[in-house]
Amino acid sequence: MARKVLALAEFKGGEVRSVSYEAIAAARMIADGGEVVVGAVGEDVARHTSSFFHYGGDRVVFIESANLRTYTLDGFSQCFQALLEEEEPEAIIMGHTSQGKEVAPKLAAKLESGLISDITDIEVVGENVILTRPIYSGKAFEKRILTDTPLFFTIRPNNIEKLAADPGRDGETKEVAEPSLDLRTVVKEVMQKATSGVDLSEAKVIVAGGRGVKSEEGFKPLQELADVLGGAVGASRGACDAEYCDYSLQIGQTGKVVTPDLYIACGLSGAIQHLAGMSNSKVIVAINKDPEANIFNVADYGIVGDLFEIIPLLIEECKKLKV
Ligand code: FAD
């Protein structure tokens with residue numbers, strides 16, 4: 001059944017987050033031959049519209065305002081609602097990111113609509129659109145058949161492939177007037193933490209360290225390996241609690257949920273709460289000196305040994321491959 005679907009884009013540091021293109025690809029499947037409209041909200045978003053067409057959008061609607069320089073739940077949800085009222089889509093889709101996890105349930109509740117969150121796969125089988133999402137912290141998956149719209153959907157970053165870019169695609173762009181905003185919070189200043197530059201939740205490669213890394217200094221070889229592989233560094237809660245690294249790196253049930261192509265787990269035991277955040281990674285490599293460590297039960301490749309001996313060897317070999 002053809003549907004009109006609105007994919008809501010997300011930006012970070014003025015650039016489009018990759019999950020926005022994945023949302024467009026997901027919207028194409030849910031649209032089932034219908035129209036995919038891309039919605040964008042921010043201070044300076046119109047310059048990105050052509051990329052939304054290249055990745056599969058049919059039309060773009062946007063609201064630009066200096067009030068939207070930094071994300072606030074009030075500002076963004078009120079503007080997204082204005083786009084919904086303008087377009088009246090039959091389904092709305094966005095990333096299962098910090099922003100999506102906040103905006104989608106708020107709008108769904110306000111509009112008395114449903115929400116299917118954290119979708120990791122979409123299949124179209126005949127008339128049916130089948131959505132897969134993890135439950136019980138990733139220990140099981142449920143499949144839902146789409147029966148009713150309008151509905152909100154959030155997709156987990158790095159799971160649904162964006163479409164191949166077609167630079168020849170173009171479409172109609174429309175600016176929607178900013179609604180009169182009722183803002184309860186105003187962000188005056190953003191103090192950015194120094195990071196390697198690769199966003200952990202969208203990284204294709206993650207090198208994660210646990211308590212076995214032993215110190216803040218011990219994370220340096222992990223960062224070097226991540227840099228060589230173009231990835232990001234993550235951590236277990238054990239490493240964060242021990243103050244070897246910042247809590248923003250924590251992966252797991254109470255940290256970030258990630259699905260990279262390659263997850264290298266170094267000196268972490270593989271507690272169930274950690275697995276909840278990374279066990280759906282496409283390839284898992286574990287380095288641990290304890291052959292009985294639980295992480296080996298989910299690893300595709302296991303290396304039993306001292307991470308401080310193994311990681312320098314991996315860095316050396318990866319550098320050779322790059323030459
Ligand atoms: P450990 O379990 O101590 O493991 C360290 C590992 O390093 C060991 O396996 C050891 O063999 C290995 N090692 C030591 N030295 C070396 C070396 N030189 N070379 C190679 N290997 C070495 N944890 C999370 O990670 N994320 C969460 O989101 C999270 N949420 C939680 C929520 C709740 C409600 C609770 C109760 C716990 C949560 N935890 C979470 C904590 C979790 O239960 C574990 O305590 C934690 O994951 C352990 O961290 P770790 O694997 O780094 O440490």
Side-chain angles (χ1 to χ4, degrees), residues 19 22 96-97 117-121 131-143 155-161 198-214 218-219 221-223 225-226 228-242 244-245 247-311 313-315 317-318:
V19 71
E22 295 164 10
H96 194 70
T97 57
S117 65
D118 203 11
I119 295 164
T120 54
D121 192 28
L131 309 161
T132 304
R133 60 187 297 274
I135 51 172
Y136 305 124
S137 296
K139 284 197 269 306
F141 288 87
E142 68 171 9
K143 285 185 186 282
I155 55 158
R156 186 181 284 196
N158 267 349
N159 279 261
I160 291 159
E161 289 261 319
V198 182
D199 184 339
L200 190 55
S201 51
E202 290 190 344
K204 296 284 179 205
V205 177
I206 293 178
V207 183
R211 227 183 318 243
V213 171
K214 293 195 173 66
F219 264 90
L222 277 70
Q223 182 67 61
L225 180 57
V228 173
L229 295 170
V233 167
S236 70
R237 179 156 139 188
C240 301
D241 285 345
Y244 302 160
C245 60
Y247 277 103
S248 61
L249 301 188
Q250 186 184 319
I251 290 166
Q253 189 179 319
T254 45
K256 292 197 168 72
V257 175
V258 295
T259 326
D261 292 344
L262 174 62
Y263 191 91
I264 307 180
C266 312
L268 59 85
S269 57
I272 191 80
Q273 296 89 352
H274 187 79
L275 301 188
M278 48 62 73
S279 59
N280 293 322
S281 303
K282 292 180 188 91
V283 175
I284 299 173
V285 176
I287 306 170
N288 198 302
K289 62 183 186 185
D290 174 8
E292 301 296 325
N294 192 45
I295 191 70
F296 289 124
N297 292 325
V298 295
D300 298 283
Y301 299 95
I303 305 173
V304 178
D306 186 336
L307 68 95
F308 295 106
E309 289 169 17
I310 292 157
I311 292 179
L313 296 176
L314 285 179
I315 294 170
E317 290 303 316
C318 291

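When a residue number appears, it is its place in the shown sequence, counting from 1.
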Asks: Can you check whether Gln253 reaches Ile272 side chain to side chain, under 4.5 Å on heavy atoms?
Replies: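 No, side chains not in contact.
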Asks: Does Tyr247, at its OH atom, have more than 12 non-hydrogen atoms belonging to other residues, nucleotides or ligands within less than 6.0 Å?
Replies: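 More than 12 within 6.0 Å, yes.
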Asks: Determine, step by step, whether Leu262 and Val207 satisfy the side-chain contact (heavy atoms from CB on, under 4.5 Å) criterion, reporting the C-alpha distance in whole Å, the side-chain angles of both residues, the deciding distance to 0.1 Å, and the verdict.
Replies: CA-CA 8 Å; Leu262 174 62; Val207 183; over 6 Å; no
Asks: Where is the tightest heavy-atom contact between Ala299 and Ala286, given as atom of each residue plus distance?
Replies: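 In terms of heavy atoms, the two residues are closest at CB-CB, 3.8 Å.
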Asks: Between Ile315 and Pro221, which heavy-atom pair has the shortest distance, and what is it?
Replies: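 Scanning both residues, the minimum pair turns out to be CD1-O, 3.5 Å.
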Asks: Side chain of Lys256, backbone of Ser248: donor and acceptor closer than 3.5 Å?
Replies: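 Side chain of Lys256 to backbone of Ser248: a pair is present.
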Asks: As an exercise, state the distance from CD of Glu22 to CD of Glu202, rounded to the nearest 0.5 Å.
Replies: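 Those atoms lie 6.5 Å apart.
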Asks: Decide yes or no for Ile264 and Leu222: does some side-chain heavy atom of the first lie under 4.5 Å from some side-chain heavy atom of the second?
Replies: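 In short, these two side chains do not touch, never coming nearer than 4.5 Å.
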Asks: To the nearest 0.5 Å, tell me how far Asp118 CG sits from Asn159 CG.
Replies: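 It is 8.0 Å, given to the nearest 0.5 Å.
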Asks: Would His96 and Val257 satisfy side-chain contact (heavy atoms from CB on, under 4.5 Å), going step by step from the backbone distance to the final call?
Replies: CA-CA 10 Å; His96 194 70; Val257 175; over 6 Å; no
Asks: Using side-chain heavy atoms (C-beta onward) and a distance below 4.5 Å, is Ile311 in contact with Cys266?
Replies: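 In short, these two side chains touch, coming nearer than 4.5 Å.
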Asks: If you round to the nearest 0.5 Å, how far is CG of Leu131 from CD of Glu142?
Replies: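 Here the interatomic distance stands at 9.5 Å.
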Asks: Testing the basics here: between Leu229 and Cys318, what is the closest heavy-atom pair and its distance to 0.1 Å?
Replies: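 What the structure gives for the nearest pair is CD2-SG, 3.8 Å.
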Asks: Ignoring hydrogens, what is the shortest heavy-atom contact between Val233 and Phe219? Give both atom names and the distance.
Replies: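 Nearest pair, atom of Val233 first, then Phe219: CG1-CD2, 3.8 Å.
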Asks: Sorted by first residue and then second, give each salt bridge (charged side-chain N to carboxylate O under 4.0 Å, His left out) pair with at least one member in residues 282-307; sequence neighbours left out.
Replies: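 Found Asp261-Lys282.
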Asks: Do His274 and Asn294 have side-chain heavy atoms sitting under 4.5 Å apart?
Replies: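 SC-SC contact between His274 and Asn294 ruled out.
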Asks: Can you check whether Tyr263 reaches Ile251 side chain to side chain, under 4.5 Å on heavy atoms?
Replies: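 Side-chain contact under 4.5 Å: yes.
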Asks: For Ser236 and Arg211: C-alpha separation, side-chain torsions, deciding distance, then whether side chain to side chain donor-acceptor pair (under 3.5 Å) applies.
Replies: CA-CA 7 Å; Ser236 70; Arg211 227 183 318 243; over 6 Å; no
Asks: Are side-chain heavy atoms of Asn158 and Val258 found at a separation under 4.5 Å?
Replies: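 Not in contact.
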Asks: Supply the atom-to-atom distance Glu309 CD to Ile303 CD1, rounded to the nearest 0.5 angstrom.
Replies: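 Glu309 atom CD to Ile303 atom CD1 measures 12.0 Å (nearest 0.5 Å).
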Asks: Please tell me if the side chains of Thr254 and Gln273 come closer than 4.5 Å, counting only heavy atoms from C-beta onward.
Replies: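 No, their side chains stay 4.5 Å or more apart.
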Asks: Please report the closest heavy-atom contact between Lys204 and Pro260, naming both atoms and the distance.
Replies: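 Taking Lys204 first and Pro260 second, the nearest heavy atoms are O-CB, 3.4 Å.
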Asks: Are the side chains of Ile160 and Val19 in touch, meaning some heavy atoms are under 4.5 Å apart?
Replies: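 No - every pair of side-chain heavy atoms lies 4.5 Å or more apart.
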Asks: Can you name the residues that form a salt bridge (charged side-chain N to carboxylate O under 4.0 Å, His left out) with Asp241, not counting sequence neighbours?
Replies: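 Partners of Asp241 under the salt bridge (charged side-chain N to carboxylate O under 4.0 Å, His left out) test: Arg237.
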Asks: Please list, chain by chain and in numerical order, all residues satisfying side-chain contact (heavy atoms from CB on, under 4.5 Å) with Leu314, sequence neighbours excluded.
Replies: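 By the side-chain contact (heavy atoms from CB on, under 4.5 Å) rule, Leu314 matches Leu225, Ile287, Ile310.
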Asks: I need the Gln250 CD to Cys245 SG distance, nearest 0.5 Å.
Replies: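 SG of Cys245 is found 8.5 Å from CD of Gln250.
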Asks: Taking all heavy atoms of Pro157 and all of Ser201, pick out the closest pair and write down the distance.
Replies: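 Looks like CB-O, 3.7 Å.
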Asks: With rounding to the nearest 0.5 Å, note down the distance linking CE in Met278 to CG in Leu268.
Replies: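 Going from CE on Met278 over to CG on Leu268, the span is 7.0 Å.
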